[in-house]
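Down below is the structure, laid out as structure tokens.
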Amino acid sequence: MALSFCGSDRGSNAYSVDKGVLDNGCFVDALNLVPHVFLLFITFPILFIGWGSQSSKVQIHHNTWLHFPGHNLRWILTFTLLFVHVCEIAEGIVSNTQMESNHLHLFLPALMGFIAATTSVVYYHNIETANFPKLLLALFIYWILAFITKMIKLWKFAEASLGVQYLRFCITALLVVLYGLLMAVEINVIRVRKYVFFANPQRVKPPEDLQDLGVRFLQPFVNLLSKATYWWMNPLIIGAHKRPIELKKIGKLPIAMRALTNYIRLKDSYEEQRQKTEDPEKSPSIWKSMYRAFGGPILLSSTFRYMADLLGFAGPLCISGIVEHLKTPTTLLQNTSVLAVLLFLALVLQRTFLQASYYVTIETGINLRGALLAMIYNKILRLSTSNMSMGEMTLGQINNLVAIETNQLMWFLFLCPNLWAMPVQIIMGVILLYYLLGDSALIGAGVILLLAPVQYLIATKLADTQKSTLDYSTDRLKKTTEILKGIKLLKLYAWENIFCDRVEETRGKELTSLKTFALYTSMSIFMNAAIPIAAVLATFVTHAYIEEVRLSPAKAFASLALFHILVTPLFLLSTVVRFAVKALVSVQKLSEFLQSDEIGDDSWRNGEMYMSLEIGKKFKYHGDTKAINRKGRYRMDNYEQPMRRQLRPTETEDVAVNDGFFTWGSNLSTLTDINIRIPTGQLTMIVGQVGCGKSSLLLAMLGEMQTISGKVYWSNKNRYSVAYAAQKSWLLNATVEENITFGSPFNKQRYKAVIDACSLQPDIDLLPFGDQTEIGERGINLSGGQRQRICVARALYQNTNIVFLDDPFSALDIHLSDHLMQEGILKFLQDDKRTLVLVTHKLQYLIHADWIIAMKDGSVLREGTLKDIQTHDVELYEHWKTLMNRQDQELEKTEMESQTTLERKTLRRAFYSREAKNQIDDEDEEEEVEEDDDDNMSTTTSRRSKIQWKMCCRYLSSGGFLMVFLMVSSKLAKHSVMVAIDYWLAVTRHCLFIILCGAGIALCLITSLTVEFLGVAAATNLHHNLLNKIIHAPIRFFDVTPLGQILNRFSADTNIIDQHIPPTLESLTRSTLLCLSAIGVIAFVTPAFLIALVPLAVAFYFIQKYFRVASKDLQDLDDSTQLPLLCHFSETAEGLTTIRAFRHEARFKQRMLELTDTNNTAYLFLSAANRWLEVRTDYLGAVIVLTAAVAAIWSTSQSGLVGLGLTYALTVTNYLNWVVRNLADLEVQMAAVKKVNSFLSTESENYEGSMDVSQVPEDWPQHGEIKIHDLCVRYDTMLKPVLKHVNTHINPGQKVGICGRTGSGKSSLSLAFFNMVDVFEGKIVIDGIDICKLPLQTLRSRLSIILQDPVLFSGSIRLNLDPERTCTDDRLWEALEIAQLKNMVKALPGGLDAVVTEGGENFSVGQRQLFCLARAFVRKSSILIMDEATASIDMATENILQKVVMTAFADRTVVTIAHLVSSILEAEQVLVFSSGTLVECDSAPNLLAQENSLFSILVRTHK
């Protein structure tokens, strides 16, 4: 057929202009070409030369730009224009097919229009990027020309009386409107920017965010196309393949998304609500506040959602049209090719809208969470102390608010649009079904609606079961923690299996709960899969009976697709309702919290002299937040803190209290009738018995207590900041240096002086990174004394006029206390002439006090100097004197190793072992690296992006091969049956269809059950093996592996294996098989589709490859930024009084905002990456549908099969992204299996021994004779020996003392008796048997030991003395009597069954040690080993212990490893060790007689 512009039909007068030029239709069409050609001629040179980009006036980072006015409207209009042009082309082509010859003028102008519109938007984008608006003039001229030419065409149509009933007229009218609107947009740009026709063009700066190079989240600033497709994310996601994404890479949040901005929005609307409520008792509605602050975006998201849902129905309708008109198209909308393109466009639009809706809700949810966190934090800083101390508001509640309630609200917001979008979707679906099938559709819809409440019921049951599982797992974790903390004791007493069984018992309950959980989960999955089958079956069977007419394939497949659409909202509805209920509860809790009592107003703290903010502004502030609301109404920092102390005023007192009555919340006053003064620049001491109100007095002065009456006066300007060290030490999760400087500028000289005053240098030297080591909850665990000294150092370092120290000596030994008193308090603080208030029990320091306040029962007993009290209250002075003498006696306790030395020893041990472990880890890593031939970037990324298939196999094999086989076979069978059901629907109606539906429903149930129970089986085996491996590991393993690391395997990793892997695995297998079966069906219907599949598969491979790596990195960032945020909240709540005393609220708020923003940035990027993936897989799915439709149209398949192919192609779009998402999730989750697996390779101790238990006499060891021959011991084959060639003989019943300097090998010998270390040479023979040949259980159960640290387990006293339950009550009471605990235990409720809390916290340290003594006595062993058992107890308890050893253990062999030489001066034989060798062995008097013996040197130097 010849080509010609106006056609070459016979007898046509296409080129005649007799009736006038404009009356020739072909000429008018040609005229319409002119604007398009004009635009292309002008813009192409500019675009190609890149002239626009070089003349950039404003340099803007990234390729982000300044939007011109009407930016978004222009993009929307251009996209609409493109769509209308596509319709125009389609109409032209269809009209052309009716002609004799080709009429190019019917579609060529439209095609050129399409190209010109595309060019216009590319051109506009480049000009906008270059910020060179003058070039927009070309577009302005183009819109005018296009508008005029189209108007002429429309006018000619109207003249020829072609009206709205003609499609061509409608298209032209639409184009006129669009060109008119674009022209208006262009005029608006000229009006605002004044780039032509005006003398002064407007200069515009880019938004503040874009000038800040740190802002990397560009979604708000990019153009509409990039917004919709997340194109701006490409560099980040593709770059992740080369090197991991770090925090630096994701930068900061734009201002509008920061927590402070959103906090101000929420706070404004909350305060507005408060002002509106007349009743002050009634709390403002948080719901209304949230709606006012964040309602706009939610409405926008809902609009997107409605549009997506409505477009979703285009799919089934288009399929119906294609199948129906496959053979006989008549009109344009019945043309199958047109329908195929429409279907493709509808899908692309629907998915774009859906992802936009998701993104907007997620961004709003994150903004809301940031605002709520800031609100909660602000409230925490103002919480009244009594709320915390009286237990009205616990730390746990605050942590729950932060970690759970804010997240619940965020998730509710994510799902919020579903609440109103779903009902509309369901109603529309039912209407369309009714339109297609008539009454029988209502039956199918009825089935779905009837089963929906069942879904809801299952969902609520699931939530309940999850809660009980959580309770059991918390309990299990508590018991596991106890075992790991007391593992040394359990092994020494051979009790590990008994305690292991306790954990297994709890785990059994947890597994029962998990099985219930698995059952409900599988029911939920089954319902989701079976409801559509049931509905389809009900509908089609009813249809066959009611209607006489056979159901056409077109209607059958359209209704099948509609049923699939209907199931999703119903399945989700139960989840959404559940979240809505949770959100209601969360809001209730939040509301109660925000209404709780606050601390009193600050103004009274300065007495009459209220310090206004104006005065404060004369000084420079430290830590002032830069982000201040424009209106200046809310600053996040109402508290100012001076950088420097001002010069001291002339007053003589800094603080005075007049007639003060203070309380902790109840109306009973804790402090009554307080009249005191704190003299300026002097040392004031507050003394009194325990519980008389000394600490309360300090807090009352700081304004932390509620005042019933009276006043606290502060001298002017002094109540800026008080350096305060609380009684309970409080550390930040930060380095030692940051804990001491606490936000003040670093001054090296001052810092060093403070460290020396607090004797911290030796402790710092032990830390792995010195004072840059992180301490606190997540850092190194320091002992009580070390923590307290750091807190005191913090108070000394601060440059404040006033220092409050609350009992700083309580956790320190006497040497340190003296040093701190002399160097820190008397020298450092007094030299500075600072006012110091010191609460203490150490009366020997009273002589240094300038002023003394003596308290008794909540009131002041005496106030004055020591001389005043000596003269006026002789009785009190005498009482103090006797107490002082008693304290001095304690001093005389000759200490070989002070408490501090012990603390340092513990620290050293912890690090020595940790370093050894790190060394081993490094070696492992090096080996791994060596395995790879070259460790360039590509291999590291390939290692990062690889799914750990080995771990998957390991996980599946833990579940058992039968379960794996069942799962695989049932899954394959289910999907085959599903395809068969749909195939029979396509080919014919048959009773086979009903049978297949039944089989399909049954298989749905079987598959969902097998996957879940495979998960439970795997979880059971992995935990059981892990627990057994760890419990039976050698003690060395616990020395070198941090406790937190082992606990993580039992908590986080076990939780992932229990609850997260099974659903991910199920979802992954289901979505993968669905996609594969869909592609299989399409290929079967139209084999030509396979050709197109190759490029699609390649695209899919690259998308998922890049996404998985980026997703894993972002997931890790999200997890790692969440922990510091939660810790910051809990540490703030714990250290409230300190933060408020120091006046550091502003700094802490700023830190919280930074942490929140960092976490929100990671989360936003993660959700944007998910959108990036989903948009791409959705578009791929749309392309699959298009290719399937086109292939079907060109093939000669029967219409039923075409319908089948297209219905399956539609499901692919839903499931493609799930395949990738689940793959990425599984990859992250398999790391848990890998970690658990790494512990399963730990070697166990050799429990067997070479002797049989039957060969060991029942009463061995009868005498307690110990012979040590040439003993050499080491902790590990890699390490040096700790004992070398030791030879000695201990007679039965002998009392032996072992001593030596730290690290001489004393404790190693005690472990060697129990075969806990590697005896690689020599032997220990006890009563004629070499202990290395004995089974470990037998050896350890026949000896007794008392350790330095007393260990008690939660449970009963009976459990702690005799967990094997082998002893009678009389025997236990006898043991308690010997340990002098009988009376105390009798007084407890329950006697022997009285409760022991975790770690035995409800008993003092001394009592705990006595319980350990009783425990050793209960086991009637002839050998008792005491390993530094008196190191951590007071004198009284030590005397009891010594007495018991001499009497109750008179006939037994007792080996005492001494930390005080004085405790073994009575010993019959003393062994002195030095560097692992035995250097002296004789009785104590003999050794003392030799002046040069090491023993006498040790006694002399107390070292």
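- With sequence neighbours excluded, the residues forming a side chain to side chain contact (heavy atoms under 4.5 Å, CB included) with K856 are L861, listed by chain and number.
- E405 and N400 share no side-chain donor-acceptor pair at under 3.5 Å.
- The side-chain heavy atoms of V792 and R789, taken from C-beta on, include no pair separated by under 4.5 Å.
- Formation of a donor-acceptor pair under 3.5 Å by the Q727 side chain with backbone atoms of S695 is not found in this model.
- Between E598 and K379 there is a salt bridge, since at least one side-chain N of the basic residue sits less than 4.0 Å from a carboxylate O of the acidic one.
- In the model, Q786 has a side-chain atom that pairs as donor or acceptor with a side-chain atom of D763 under 3.5 Å.
- Legend: residues meeting side chain to side chain contact (heavy atoms under 4.5 Å, CB included) with E737, ordered by chain and number and at least two apart, are T735, T741, F746, Y751, D771, Q772.
- Counted by atom type alone, D765 and Q761 present one or more donor-acceptor pairs between their side chains at under 3.5 Å.
- In terms of the side chain to side chain donor-acceptor pair (under 3.5 Å) criterion, D857 has no residue partners (sequence neighbours excluded).
- For the pair T707 (side chain) and S709 (backbone), a donor-acceptor distance under 3.5 Å is absent.
- Looking only at distances, a side-chain donor or acceptor of N407 sits under 3.5 Å from a matching main-chain atom of A403.
- In this structure Y845 satisfies the ring-ring contact (aromatic ring centres under 6.0 Å, His included) test together with F809, sequence neighbours excluded.
- The salt bridge (Lys or Arg N to Asp or Glu O under 4.0 Å) search around E1154 returns R1151, not counting sequence neighbours.
- The structure places CG of D806 at 11.5 Å from OG of S729, a figure rounded to the nearest 0.5 Å.
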I790/L731 under side chain to side chain contact (heavy atoms under 4.5 Å, CB included): CA gap, chis, key distance, verdict: CA-CA 8 Å; I790 290 174; L731 297 181; 3.7 Å; yes
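- Annotation: side chain to side chain donor-acceptor pair (under 3.5 Å) contacts of W851 (sequence neighbours excluded): E863.
- Residues passing the salt bridge (Lys or Arg N to Asp or Glu O under 4.0 Å) test with E738: none are found, sequence neighbours excluded.
- Evaluation of the side chain to side chain donor-acceptor pair (under 3.5 Å) rule for N1160 yields R369 as partners, not counting sequence neighbours.
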Show the numbers, then the answer: is there a side-chain hydrogen bond (donor to acceptor under 3.5 Å, both in side chains) between Y724 and T1137? CA-CA 9 Å; Y724 170 66; T1137 45; 4.6 Å; no
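- With sequence neighbours excluded, the residues that form a ring-ring contact (aromatic ring centres under 6.0 Å, His included) with F1148 are F742, H1128.
- Annotation: side chain of L590 is in contact with side chain of I376 (closest heavy-atom distance under 4.5 Å).
- Residues passing the ring-ring contact (aromatic ring centres under 6.0 Å, His included) test with Y270, sequence neighbours excluded: none.
- Residues passing the side chain to side chain donor-acceptor pair (under 3.5 Å) test with S696 are W664, sequence neighbours excluded.
- A distance of 12.0 Å separates CD1 of I264 from CZ of R258, quoted to the nearest 0.5 Å.
- Of the inter-residue distances, the one linking L1136 atom CG with E1131 atom CD reads 11.5 Å to the nearest 0.5 angstrom.
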Step by step, would you call D807 with K694 a salt bridge (Lys or Arg N to Asp or Glu O under 4.0 Å)? CA-CA 9 Å; D807 207 356; K694 301 184 295 297; over 6 Å; no
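- Under the side chain to side chain contact (heavy atoms under 4.5 Å, CB included) criterion, D659 pairs with D673, N675, not counting sequence neighbours.
- Between R1140 and E1145 there is no salt bridge, since none of the side-chain N atoms of the basic residue sits less than 4.0 Å from a carboxylate O of the acidic one.
- The line from CG of D1157 to CG of L260 is 8.5 Å long, rounded to the nearest 0.5 Å.
- When atom types are taken as modelled, the side chain of H819 and the backbone of D756 share a donor-acceptor pair closer than 3.5 angstrom.
- Here the straight-line distance linking atom CG of L796 with atom CG of L820 works out to 6.5 Å at 0.5 Å rounding.
- Salt bridge status for K267 with E271: present, with a side-chain N to carboxylate O gap under 4.0 Å.
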